[in-house]
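Scroll down for the structure; my scribbles are underneath it.
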Amino acid sequence: MMKTLLLKEKKSLVLKPIKPFDFDSSVHNPSHYPSPTEFYEKGKFWQTMRFKNKLLGIKFENKGTVNNPKIKLTIYSKTKLDNKFIKEIVNELNYRFELNKDVSEFYNKFKNDKFLEPILKKRRGMRNKCGHSLYESLMIYITLQNATVRRTVQMMTNLLKKYGTLLEFDGKKLYVFWKPEKIAKTSEKQLRELKVGYRDKMFIRISKAFADKEIDELKLRNTTTEEIFNQMMKLYGVGKQSASYMLLEVFHDHETLNHISPWEGKIMSKIMFNKLVSEDKILKEFEKRYGRWKMLAFTYIFTDIFWRKKQGEKIPWLEKEIRL
DNA sequence: CATCAGGGCCCTG
DNA sequence: CAGGGCCCTGAT
């Protein structure tokens, strides 16, 4: 039986993101798999965080508007945190949720674009968040490979139950990720028992790379796109698809778009051409239309359709492409 | 009941 | 550089 770690200490402060900032579409992404490490409802968001080996609960509450954004942040912890550490957490959250990223140029440039015009109005202030660290994101991407959403959730839950920790804060119980060392030391057999299949080796080898400090996320943030991509591709179990995602999601690169997976291709094809076209054709269209903003444009268009579905719009062709 | 493909990747030829 | 095989699961 796993014990629950109760986080009783809390500290609240107010964050002011750069405007425009839309709370809901920035803290939650409906195209992502439902992660057992976070919980969202309108105007509120909770997630766990392992940061510098402290286990934390994070809560965001919307206290502002798109043009006058204000977030009440509450940090839950087991023991009291000092101000310096709180500041580091805030900096990290700013990075992960793109709170201080100015994308006004993007908004100005494409306000008359055929595809972006309605989206920039409806989703005005949407950011591209990634609540997880690089290591955690890699773990998730391994479970996404060659699996349906349901199976991904099953694998992640099994892993979190066995290697993670259940945290309780603000009446929520959510899992937090394990340290890389923990899985680096485990056996393939033990992982297979969690129904992860052939991914066992990938978890172990990537965890080893992190445990041995072969990869430094903070250093990578200050290198080039090529360097990050190459480093990712060296990891066992990471190919073009996952490496590209890391650039956008973890490193917030809004420009690089050099690969589109088949299922995303089908969806984007339908939206832009209303028929199935090749990956190459989509890539060329994005390059031509959006230039150095092509990746951000891609996520805006892609995420928008998932929000429309979440908000009750019936999109029959989309249902077929999302397998649960 | 059997067969199959899935929100990729590695490895082989 | 194309294609088979991979763990497991739910769909058919």
Side-chain angles (χ1 to χ4, degrees), chain A residues 28-38 128-132 134-163 183 186-209 215 229-250 257-271 276-280 282-283 295 298-310 315-324:
Chain A
H28 182 250
N29 185 338
S31 78
H32 282 174
Y33 92 109
S35 172
T37 63
E38 64 181 54
N128 181 56
K129 71 128 183 185
C130 174
H132 303 107
L134 170 62
Y135 171 72
E136 293 162 359
S137 301
L138 285 163
M139 296 294 104
I140 293 167
Y141 275 87
I142 299 296
T143 66
L144 285 168
Q145 292 172 20
N146 213 17
T148 52
V149 173
R150 174 176 288 163
R151 190 147 124 73
T152 299
V153 172
Q154 190 211 45
M155 283 189 271
M156 274 316 307
T157 307
N158 288 346
L159 287 164
L160 286 164
K161 269 187 187 158
K162 173 135 183 170
Y163 300 105
I183 288 201
T186 200
S187 67
E188 293 178 11
K189 186 170 169 295
Q190 283 198 44
L191 285 169
R192 288 245 169 175
E193 284 168 11
L194 305 178
K195 313 287 185 196
V196 303
Y198 61 83
R199 300 169 187 80
D200 54 356
K201 290 187 190 63
M202 303 174 177
F203 290 122
I204 293 176
R205 287 173 64 171
I206 295 176
S207 296
K208 274 193 178 138
I215 306 226
F229 192 80
N230 293 338
Q231 289 273 343
M232 295 297 102
M233 289 293 282
K234 276 191 212 157
L235 295 167
Y236 182 83
V238 178
K240 248 178 123 178
Q241 174 65 33
S242 305
S244 310
Y245 261 116
M246 291 303 130
L247 284 181
L248 167 71
E249 305 254 306
V250 182
L257 175 66
N258 49 26
H259 178 248
I260 302 171
S261 67
W263 79 284
E264 288 177 321
K266 279 186 212 160
I267 292 173
M268 200 47 88
S269 245
K270 181 81 183 167
I271 297 174
L276 194 60
V277 301
S278 68
E279 178 194 7
D280 193 53
I282 305 173
L283 287 174
M295 188 65 241
F298 189 96
T299 11
Y300 259 72
I301 297 171
F302 193 77
T303 311
D304 172 65
I305 196 119
F306 281 84
W307 270 108
R308 283 162 57 189
K309 180 178 170 293
K310 189 184 172 78
I315 312 166
W317 64 266
L318 183 64
E319 311 281 335
K320 271 193 292 181
E321 300 301 341
I322 312 167
R323 268 163 290 273
L324 300 174

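In what follows, every chain begins at residue 1, and chains take the letters A, B, ... in the order their sequences are listed.
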Give me the atom names and distance for the closest heavy-atom approach of A/Met155 to A/Val196. SD-CA, 3.7 Å

Would you mind reading off the distance between A/Gln154 atom CD and C/dG10 atom P, rounded to a whole angstrom? 7 Å

Which part of the nucleic acid does A/Tyr141 contact within heavy-atom distance under 4.0 Å: base, sugar-phosphate only, or nothing? nothing

Taken to the nearest whole Å, OH/A/Tyr198 to P/B/dC11 is 13 Å

I'd like the P distance from C/dT9 over to B/dC10, given in whole Å. 23 Å

Regarding the side chain of A/Thr148, the nearest nucleotide among C/dA11, B/dG6, C/dC7 is B/dG6

Kindly point out which of C/dC7, B/dC9, C/dT9 is positioned nearest to the side chain of A/Lys195? C/dT9

With a 4.0 Å limit, can you tell me whether A/Ser31 has a side-chain N or O closer than that to the phosphate oxygens OP1/OP2 of B/dG7? no

Send over the distance from A/Met233 CE to B/dG8 P, rounded to a whole Å. 15 Å

By nearest-nucleotide position on DNA chain B, the 5'-leaning member of A/Val149 and A/Leu235 is A/Val149

Under 3.5 Å for both pairing distances: what stems, at least three Watson-Crick or G-U pairs long, include DNA chain C? B:2-6 with C:8-12, B:8-13 with C:1-6

Listed partners of A/Ser207 passing side-chain hydrogen bond (donor to acceptor under 3.5 Å, both in side chains), at least two apart: A/Tyr135

With rounding to whole Å, what would you report as the distance between C/dG10 and B/dC9 at their P atoms? 24 Å

Side chain to side chain, A/Leu194 and A/Tyr163, heavy atoms closer than 4.5 Å: yes

Nearest-Å distance, CE (A/Met139) to P (B/dG7)? 21 Å

Give me the distance, rounded to whole Å, that separates B/dC4 from C/dG4 when you measure between the P atoms they each carry. 14 Å

A/Lys266 versus A/Trp317: any side-chain heavy-atom pair under 4.5 Å? no

Among C/dT9, B/dC9, B/dG7, the nucleotide that comes nearest once only the side chain of A/Trp263 is considered: B/dG7

5' precedence on DNA chain C between A/Arg150 and A/Asn146 (nearest-nucleotide basis): A/Asn146

Heavy-atom pair with the smallest gap, counting every atom of A/Phe229 and A/Ala243: CE1-CB, 3.6 Å

Rounded to whole Å, CZ of A/Arg151 lies from P of B/dC4 at a distance of 18 Å

Spacing between A/Leu191 atom CG and C/dC7 atom P, to the nearest angstrom: 13 Å

What integer distance in Å separates A/Lys189:NZ from C/dC7:P? 16 Å

So A/Asp304 and A/Ile271, do their side chains get closer than 4.5 Å, heavy atoms only? no

So do the side chains of A/Asn29 and A/Thr303 get within less than 4.5 Å of each other, counting heavy atoms only? yes

If I take atom CZ in residue A/Arg205 and atom P in nucleotide B/dC9, what distance separates them, rounded to the nearest angstrom? 15 Å

Do the non-hydrogen side-chain atoms of A/Thr143 and A/Tyr33 ever get within less than 4.5 Å of each other? no

